[in-house]
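Numbers here simply count residues along the sequence, with the first being 1. Here the structure is a predicted model, which is why all the values come from computation and not from measurement. When reading the values below, keep in mind they use all heavy atoms of this one structure, side chains included, and skip hydrogens, waters and symmetry mates.
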Amino acid sequence: MGPGSRLPLSAVPHWPSFVADDHSPVEFSVALARNERPTVRMIVESIAEKPGKQANVGVALKVLDELTSKHGLRRDKLDTVRDLFLPDDPQGAFALWYALIVGPAAPPGVKVYLNPDAQGRDRATGLVAEALSRLGLNSALPAITEHGLRRPGLDRFSFFALDLVDEDHARVKTYVSHDDAMVTDVVGAAAAVPDVDQGLLADVCALACGGTGPFPRRPLMSSYTFLSGDTDSPSGYSLYIPVRDYVQDDLEACERVLAIMARCGLDTTPFVMALASLVRRPLGEGVGLIAHVSLRLGKPKPGVSVYLSSEAYDVTPPRSRALLV
């Protein structure tokens with residue numbers, strides 16, 4: 001987390017990070033798949049002693065230097081697009097986040113998240129197109145545009161992510177937010193990836209959001225995963241659902257996540273253990289501890305991930321049932 005990790009928790013965050021609702025600069029998640037042990041992930045925004053976008057980026061790059069030295073990260077892809085996403089005066093809500101991925105029998109993995117709005121929202125699509133081209137994926141944009149960006153003004157690029165691992169295992173991921181979407185919109189977005197189980201996708205979306213839409217609060221988000229050897233179409237698709245926006249409290253969110261896991265045939269034990277490790281209050285007394293749930297389809301590892309907030313600074317009160325209608 002950089003020097004910011006030495007700052008004490010107080011009533012007011014030292015930097016208004018958008019990683020979590022209460023501006024905590026870290027969010028946890030557990031990734032689940034059939035016949036595999038769970039993986040724990042942490043999304044982090046490094047915080048400088050005197051926080052600011054440029055100062056935080058500088059700290060994050062130093063953290064990556066240290067992780068590279070210790071764990072042999074491969075930063076070739078990041079270096080290829082760094083000037084696009086990390087200009088001198090980055091725009092948008094964030095500049096550089098990273099995820100630390102911890103499994104039971106392998107060195108930690110690192111993934112960086114970059115902001116397509118770094119040079120202004122009106123340049124986001126062109127910036128992503130240039131990044132894909134530099135990474136040898138210049139034929140990939142049409143598939144994303146055709147399926148994920150079908151609704152002008154409502155569908156937009158929101159993240160660009162890179163794995164800092166060897167070339168054969170590194171993923172390139174583009175994320176598209178869908179404002180006011182219906183289930184049919186995300187099913188259409190997933191059609192960019194061959195052999196996606198559209199029925200499962202529709203069911204999980206409806207279970208998480210309590211219906212088929214439209215979903216006017218935080219947007220649902222598609223991500224397209226490009227693996228080594230992909231050229232013009234992605235190998236994987238994920239849907240990220242801000243479940244906290246479509247429930248009254250975390251008790252209801254927990255029930256929905258358990259229903260999703262049952263639909264996907266997953267063991268719920270790791271999720272329950274992860275939740276128990278963080279919860280410090282009755283689930284019915286707040287909303288947002290269970291922040292997102294995602295469904296991964298296609299390659300490389302189909303499954304479900306659940307994103308959990310630390311609530312280090314604040315707890316969001318339960319939402320009135322009337323506000324959900």
Side-chain angles (χ1 to χ4, degrees), residues 1-2 4 17-19 25-27 29 39 41-48 52-103 106-120 123-138 140-141 144 157-176 221 223-231 234-236 238 300:
M1 291 179 64
S17 176
F18 288 92
V19 169
V26 61
E27 180 184 63
S29 65
T39 299
R41 305 177 183 184
M42 291 155 279
I43 298 177
V44 174
E45 180 174 18
S46 295
I47 306 297
K53 286 183 186 176
Q54 289 175 296
N56 292 349
V57 168
V59 169
L61 292 173
K62 289 180 180 179
V63 170
L64 291 179
D65 286 341
E66 295 175 6
L67 291 172
T68 299
S69 176
K70 291 181 180 180
H71 301 294
L73 306 184
R74 294 292 300 271
R75 295 169 57 175
D76 312 59
K77 284 183 166 59
L78 176 60
D79 292 339
T80 299
V81 300
R82 177 172 166 173
D83 63 302
L84 296 175
F85 293 101
L86 300 178
D88 292 337
D89 183 22
Q91 306 299 303
F94 78 100
L96 175 62
W97 297 347
Y98 71 88
L100 185 67
I101 304 162
V102 183
V110 175
K111 170 184 175 182
V112 291
Y113 295 87
L114 303 164
N115 193 344
D117 292 346
Q119 298 185 31
R123 301 185 64 181
T125 299
L127 190 148
V128 170
E130 173 62 20
L132 290 172
S133 178
R134 291 188 187 185
L135 295 170
L137 295 166
N138 50 299
L141 188 64
I144 300 173
F157 285 113
S158 47
F159 294 92
F160 192 90
L162 302 166
D163 287 341
L164 304 187
V165 298
D166 64 272
E167 186 70 26
D168 290 340
H169 298 93
R171 301 167 300 169
V172 175
K173 299 187 72 174
T174 58
Y175 295 73
V176 175
M221 186 184 305
S223 80
Y224 300 96
T225 300
F226 295 89
L227 303 175
S228 177
D230 290 340
T231 54
S235 289
S238 297

**Message:** Using every non-hydrogen atom in the two residues, find where Glu45 and Asn56 come nearest and quote the distance to one decimal.
**Reply:** OE2-ND2, 4.0 Å
**Prompt:** When rounded to the nearest 0.5 angstrom, what distance separates CG in Leu141 from OG1 in Thr174?
**Reply:** 8.5 Å
**Complete:** In terms of heavy-atom contacts, Val57 and Ala95 come closest through CG2-CB, 3.4 Å
**Message:** For Val81 versus Arg134, what's the shortest heavy-atom pair and its separation?
**Reply:** CA-NH1, 4.2 Å
**Asked** Does a side-chain heavy-atom distance below 4.5 Å link Leu67 with Leu164?
**Response** no
**Message:** Show the nearest heavy-atom pair for residues Phe94 and Asn115, with the distance to one decimal.
**Reply:** O-ND2, 2.8 Å
**Prompt:** Could Asp163 and Arg171 be called an ion pair, given the rule that one side-chain N must be under 4.0 Å from one carboxylate O?
**Reply:** yes
**Asked** Looking at Val19, Ile101, Leu100, which one forms a side chain to side chain contact (heavy atoms under 4.5 Å, CB included) with Met42?
**Response** Leu100
**Item:** Minimum heavy-atom distance Val128-Pro116, with the two atoms named
**Value:** CG2-CB, 3.9 Å
**Prompt:** Less than 4.5 Å apart, any side-chain heavy atom of Arg75 and any of Leu64?
**Reply:** yes
**Request:** Answer yes or no: is there a donor N or O on one side and an acceptor on the other, between the side chain of Ser69 and the main chain of Asp65, under 3.5 Å?
**Result:** no
**Message:** Over 60° means perpendicular and under 30° means parallel, so tell me whether Tyr113 and Tyr175 are parallel, tilted or perpendicular.
**Reply:** tilted
**Fill in**
Between Gly2 and Val63, the two heavy atoms sitting closest are N-CG2, 4.1 Å
**Asked** Roughly how far, to the nearest 0.5 Å, is CG of Leu127 from CG of Leu84?
**Response** 5.0 Å
**Asked** To the nearest 0.5 Å, what is the distance between CD (Glu130) and CZ (Phe85)?
**Response** 9.5 Å
**Message:** Quick test of your reading of the model: are Glu66 and Lys62 salt-bridged, counting only N-O distances below 4.0 Å?
**Reply:** no
**Asked** What's the spacing between Tyr224 OH and Ser238 OG if we round to 0.5 Å?
**Response** 11.0 Å
**Request:** Give, for atom OG1 of Thr68 and atom CZ of Arg74, the distance between the pair rounded to the nearest 0.5 Å.
**Result:** 10.5 Å
**Prompt:** Does the side chain of Thr39 come within less than 4.5 Å of Val102's, by heavy atoms?
**Reply:** no
**Prompt:** Is there a side-chain contact between Asp230 and Val172 (heavy atoms, below 4.5 Å)?
**Reply:** no
**Request:** Indicate yes or no: at least one non-hydrogen side-chain atom of Leu132 is less than 4.5 angstrom from one of Phe160.
**Result:** yes
**Prompt:** How about Arg82 and Leu61: do any of their side-chain heavy atoms sit closer than 4.5 Å?
**Reply:** yes
**Asked** Looking at side-chain heavy atoms only, is the closest gap between Lys173 and Lys111 below 4.5 Å?
**Response** yes
**Fill in**
Distance col, row Ser46:OG vs Leu96:CG, nearest 0.5 angstrom, shows 7.5 Å
**Item:** Side chain proximity check, Ile144 to Phe226, heavy atoms < 4.5 angstrom
**Value:** yes
